[in-house]
Every structure is written in C-alpha cells, then in structure tokens.
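Bear in mind that the values here come from a model prediction, so they are computed numbers and not experimental data.
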Amino acid sequence: MKKTAILSFAAALLMSVPAAAISGDKPKTGEYLPETLTDREKWCDALYTMAEPVLSLMSEGRLQEKMLVETSPTWDGRDVRVTYMECFGRLMAGLAPWISLPDDGTDECMMRKQLREWALSSYRNAVDPESPDCLLWESEDQTLVDAAYIAESFLRGYDALWIPLDSLTKQRYIRAFSQLRRVDPPYSNWLLFSATVECFLKKAASAQDNYRISSSLRKIKEWYVGDGWYSDGPHFAFDYYNSYVIHPMYVECMEVLTDGGKYGGAAYSAADFNEAVGRMQRFGMILERLISPEGTYPAVGRSITYRTGVLQPLAMLAWRGWLPGELSEGQVRAAMTAVIDNMFGDSRNYNKKGFLTLGFNGSQPEISDYYTNNGSLYMASLAFLPLGLPADDPFWTSSPEDWTSKKAWEGKDFPRDHSYR
C-alpha cells in the first residue's frame, strides 16, 4: 500500500493536530514516493517518517512506554534500556542539520519546526531524572557510544539545538558527559566517542579532558592505512566503520581543535584538519563508486543493519561543501536518492509501531549483531545531512547526473580512478 500524502498536506496537519494525536499508539510508517516529488521532498519525507515516531513520543515522555523494541537473536544480555539512547542519539546526529535551518514559512519549514520543538523537549527529557524518558546514563559502557552521537548532534546544530536549552538542562548534560570518563574505551573506533564528547565540552566552554582527546586522535591517525581508509583498531576489517564513525568524528573533533582549519594549537594545525578532510574526500569518492547503477551498495561487514548510515561521509562532504572536484552535486544527489528510494520507498524497514526493524532492507533479524537493537538502526539518519543545505543550494538545484558506476555499466565515458596519497 503506497502512502501518497503530499508534503504540504502533511505540514498543514502538523500545525493543526496535537502531537499526541499524531503519534498515537501506531505512528505512521514510511512509504512515500509519488513520482512527482522532487529529490528533496523524497528525502524530507523519508527522514520525517523516521523521526516522527521517536520524537513525538519522547517529547511527551512516552518513548520508553510505547516503542516496540527489537533485539538481536544473539543479544548479549546488556540492559535493554540502552535502546532508547541509541535511538535518540543516532537519530539526532543525522537530523540536526535539517532542523537547524532557519524558519522560512515554507511547508517544509513547518515540518522542520515541529521536529525541532519535539527534539528540544526530548533533549530535556533525556537528562531529567523525573522524566519517564530519562536515558540510561550511569550504567553500561554502551552509554559512551550514544552519548557521543548526542554530543555530535549538538556540534552539528549548536545554535539551534544547544543554545536554546535552559541552563539546568545544559548543566545536566555537562555533568552526564563528564561522568562518562568512567568508561575506558576499547582500542577501536570507540576512542572517537570519548574524543567527541570531550570536544563538545570544549566547544561548550566546559572543562574537558584534553588527554582523552589527544591520545584518541593520535591513535586514529596512526591507524590510517592509505587511500582514504583507516583501520578500526590495530587490524583492518572491510566494513563500513569508516562511514559510521571514523571519518566524520575524526574530522569534527579536528575542526573543534583548529576552528575549522583556521588555526591550531600546540598539537594540531590547519594542515592536520585539511589532511583529515582530504582523506574523507577520497573515501567519499570510493563510496560513490560503490553505488551500483541500480542504486544499491555491497552489504558487507558487521553492523550492516545501519542501512544508509553507510553513506555518511558522502553526505557530510555534500553538506559542508567539501565534495572533491571529481564529484558533482548532481551525480552525488542522484546516486544517494537512488539508494534512499530503494531503502525507504516503502514500509518494509519499519515494524508495526512505526520504528525501524532489525534487518538490512526488510525484517531480517538473523543478520543483526549481538549488540544490535532496533534503536541502533537510527544510524540510517546519517545519510540525510545534506538536508541541512537550503533548498536553493546547488546540491538540490543542479540537474541530476549519472553517477560513476551507472556511466561505466552503460558504456559511457567515466573518470578513471586513482589512489590518494
């Protein structure tokens, strides 16, 4: 069954229907795609569908009561309440740029405004000990991971999402983030979770542990193996953790330390920042070439249930205006839209309560890892960072172009590839 709601109609409903009525017991599931929608409208619809059940409930303190939780068949027995922080933190890291755009009176703006209002209430509930949706901050090492995504959401939407919070809520976050120093991160991408939390504290002018930042970033730099790839720890694995964590968080931490490459301290320089961006650009070129002519990508490595989170570096490059010269806005948007159509063009990736379901492209619980719950899957939102660009940005207005593999398999000229040094 196809949902054919037009965005303007959905936006009008948002302004007239109470949140409780919108969310109900069964938030809507995603199926968008009348063929007349623009690429941006498809992206907005897909991300709104993902975010609405989470934020409408959490803003009212009802997420932990109402979310239909799914855990891996091989679940390792950790406190299942980690699900809610995973869901909220990962969603907000992808959603933050879009809902941080200024209000402009458009139908899309109405959607953004509603999500932003829900998000600000949800941020407050997440650290309010009196709220039923106060998150699990003081047990389970997993908390460090998803607190880092919350911190990342504040870095990505600082003025719109952090600044408006009341002083008590800010104090609660600073205390909660600081207490995460109790977690000794494994020697892997987890080092970046510590660094991201501490870098946010630095940006928020709070006391930070500089050693947790510098030791983590030094080790990540040591793990660079070449041609845009980092090893996830001492040993290389062919998976997408360069997308889920390593490139984006490494660059964002470096950005805080060097003010976006404008200056550097004793340990980091503008050159370090530019090097990190250059490596991510090369990795983005590889991701673009991995998108098949049909708009699919290889389902390899652990955590493949994170779905479109695979595309985060490409999304971040587009959002920040850092796409390399080899990649045009039109080809990147067309390639990513093809993937989003394949993944979210119907409701197969949602359960009956409207939350993401365990699987890659459908309900496939057996492929989930022992640490995976369906809150984990909101990493999928990280592909939607370019929605943080205004609708008149060239990323959205440029004509669609065939992407590299589509050109190659259709016998058209395409750029030869080269390694990055």
Side-chain angles (χ1 to χ4, degrees), residues 23 26-27 29-30 47 49-96 115 118-119 122-123 125-127 131-153 176 180 189-190 193 240-241 244-245 302-310 312 343-344 349-360 362-365 367-384:
S23 61
K26 292 182 67 175
T29 58
L47 186 55
T49 297
M50 192 184 301
E52 184 269 342
V54 177
L55 297 183
S56 64
L57 289 172
M58 190 168 177
S59 67
E60 299 175 346
R62 298 196 302 141
L63 180 65
Q64 297 189 38
E65 173 193 354
K66 294 293 185 179
M67 182 176 179
L68 179 56
V69 172
E70 303 176 25
T71 57
S72 169
T74 56
W75 184 248
D76 65 359
R78 69 187 70 184
D79 192 325
V80 75
R81 290 176 294 170
V82 299
T83 300
Y84 308 111
M85 185 181 284
E86 293 188 41
C87 178
F88 178 62
R90 297 173 189 213
L91 171 66
M92 290 311 305
L95 184 64
L115 289 171
W118 283 337
S122 299
Y123 278 125
N125 287 337
V127 288
S131 170
D133 276 342
C134 188
L135 298 176
L136 189 69
W137 290 97
E138 296 183 0
S139 64
E140 299 290 349
D141 289 357
Q142 178 67 33
T143 297
L144 173 63
V145 176
D146 300 295
Y149 284 103
I150 294 176
E152 186 176 47
S153 76
L180 288 169
N189 67 86
W190 276 53
F193 301 136
Y240 291 112
Y241 272 81
Y244 303 144
V245 183
R302 67 189 181 95
S303 300
I304 197 61
T305 53
Y306 297 169
R307 297 186 170 98
T308 48
V310 163
Q312 181 181 202
M343 196 70 80
F344 295 114
N349 285 307
Y350 291 92
N351 64 29
K352 65 182 181 180
K353 291 282 189 175
F355 299 94
L356 289 172
T357 191
L358 287 175
F360 172 68
S363 178
Q364 301 153 306
I367 69 168
S368 57
D369 298 281
Y370 67 86
Y371 47 78
T372 306
N373 58 70
N374 63 326
S376 314
L377 314 181
Y378 285 82
M379 200 86 80
S381 71
L382 299 174
F384 293 83

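Sequence neighbours left out, the pairs with a member in residues 133-145 that pass salt bridge (Lys or Arg N to Asp or Glu O under 4.0 Å) are Asp141-Arg182.
The side chain to side chain donor-acceptor pair (under 3.5 Å) search around Tyr306 returns Arg90, not counting sequence neighbours. Taking the side-chain contact (heavy atoms from CB on, under 4.5 Å) definition, one finds that Ala96 meets it with Ser153, Arg156, Leu161, sequence neighbours left out. With sequence neighbours excluded, the residues that form a side chain to side chain donor-acceptor pair (under 3.5 Å) with Thr74 are Ser72. With sequence neighbours excluded, no residue forms a side-chain contact (heavy atoms from CB on, under 4.5 Å) with Pro132. Residues meeting the ring pair (Phe, Tyr, Trp, His ring centres under 6.0 Å) test with Tyr370, sequence neighbours left out: none. The ring pair (Phe, Tyr, Trp, His ring centres under 6.0 Å) check on Tyr149 picks up Phe193, with sequence neighbours excluded. For Ser363, the side-chain contact (heavy atoms from CB on, under 4.5 Å) partners are Thr357, Pro365, not counting sequence neighbours. A search for side chain to side chain donor-acceptor pair (under 3.5 Å) contacts involving Arg302 returns Asp232, Tyr241, Tyr371, not counting sequence neighbours. Listed by chain and residue number, nothing satisfies the salt bridge (charged side-chain N to carboxylate O under 4.0 Å, His left out) test with Asp369 (two or more places apart in sequence, or in another chain). For Phe88, the ring pair (Phe, Tyr, Trp, His ring centres under 6.0 Å) criterion is met by Tyr123, not counting sequence neighbours. Residues meeting the side chain to side chain donor-acceptor pair (under 3.5 Å) test with Gln142, sequence neighbours left out: Arg78, Asp146.
A donor-acceptor distance shorter than 3.5 angstrom exists from the side chain of Ser122 to the backbone of Ser59, with no hydrogens or angles considered. Side-chain atoms of Tyr378 come within 3.5 Å of backbone N or O of Leu356 as a donor-acceptor pair. For Ser131 (side chain) and Val127 (main-chain N/O), no donor-acceptor pair under 3.5 Å exists by modelled atom type. No donor-acceptor pair under 3.5 Å is formed between the side chain of Trp118 and the backbone N or O of Val54. A side-chain donor-acceptor contact under 3.5 Å links Asn349 to the backbone of Gly362.
Taking both residues in full, the closest heavy atoms of Val245 and Asn189 are given as CG2-OD1, 3.7 Å, listed atom of the first, atom of the second, then distance. Taking every heavy atom of both residues into account, Thr83 and Val80 meet most closely at OG1-O, 2.7 Å. Residues Trp190 and Val145 approach most closely at CZ2-CG2, 3.4 Å, considering heavy atoms. What you find for Ser381 and Leu91 is that their closest heavy atoms are OG-O, 3.3 Å. In this structure, Phe355 and Lys66 approach most closely via the heavy-atom pair CE1-O, 4.2 Å. When every heavy atom of Met85 is checked against every heavy atom of Ala147, the shortest pair comes out as SD-N, 3.7 Å.
Using a 4.5 Å heavy-atom threshold, the side chains of Tyr244 and Leu382 count as separate.
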